[in-house]
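One structure is given below, encoded as structure tokens.
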Amino acid sequence: MQHLFHKGTDETKPTLLLLHGTGGDEHSLISLAKEIDATANILSVRGNVLENGMPRFFRRLAEGVFDIEDLIFRTQELQSFLATAAEEYGFDRTRIVAIGYSNGANIAASLLFHFEDALAGAILHHPMVPRRGIELPALPNIPVFIGAGTNDPMCTAQESEDLESLLSKAGAHVTTAWFNYGHQLTMPEVEAARAWYRQSF
Ligand code: MLT
């Protein structure tokens, strides 16, 4: 997968896996990652799917309606890529914390829904429930931050609440922070994510 890797200055920190929103790329979330932790490794990946020229991490049939077969295939592809990247760059595969926005948050959530060892934690900005009707793997005490907008037309409040509940039932330690905005990522949300990260890692 197309990506970039920046080696961090503090080896005790996890590796931050950056997953952009629709139309973004591997450069989109670098400044966000620096706000969260300027000293950690950064692995930033570009989604392999194109929708009208816009990179995404999996296909959708319509806005908010996912192509589940492709979602499963792309989730597996990303999971395999993480193992390869850890080998290549020499970071600890068991200490990856995803930071995803929108479509990137959805593939991060999908990693959690399909693999028990994919992520050591996740910051999900404006995620949806990636897939319904499946049993999640055990996610004992995996810290997850969900940033949600009370007026988000794409990721409704119900989606955020359902996601929190599904992840919590699997054992994850979920913190949901609500903001009185829509789908956009705002500075108060980034600050809340940073405070959560500092407590969690
Ligand atoms: C998705 O397709 O993952 C969601 O609709 C969010 C998005 O792409 O922005």
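Computed from a predicted model, the values in this text were never measured in an experiment.
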Criterion salt bridge (Lys or Arg N to Asp or Glu O under 4.0 Å) on Arg198 and Asp37, from CA distance to verdict: CA-CA 9 Å; Arg198 286 190 179 158; Asp37 186 346; over 6 Å; no
His125 and Glu189: side chain donor to acceptor below 3.5 Å: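 Side chains of His125 and Glu189: pair found under 3.5 Å.
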Ser102 side chain vs Gly21 backbone, donor-acceptor pair below 3.5 Å: no
Are [X] and [Y] side-chain neighbours, meaning at least one heavy-atom pair lies under 4.5 Å?
X	Y	answer
Met1	Leu78	yes
Ser165	Asp162	no
Phe113	Leu163	yes
Val97	Leu119	no
Ile99	Leu19	no

Residue pair Asn106 / Met128: nearest heavy atoms and the distance that separates them: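 Residues Asn106 and Met128, closest heavy atoms: OD1-N, 2.6 Å.
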Ring centers of His3, Tyr89 separated by less than 6.0 Å: yes
Phe5 ring center near Phe91 ring center (under 6.0 Å):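 They qualify: ring centres under 6.0 Å apart.
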Residues in side-chain contact (heavy atoms from CB on, under 4.5 Å) contact with Leu61, at least two apart in sequence or another chain: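 Partners of Leu61 under the side-chain contact (heavy atoms from CB on, under 4.5 Å) test: Val65, Asp67.
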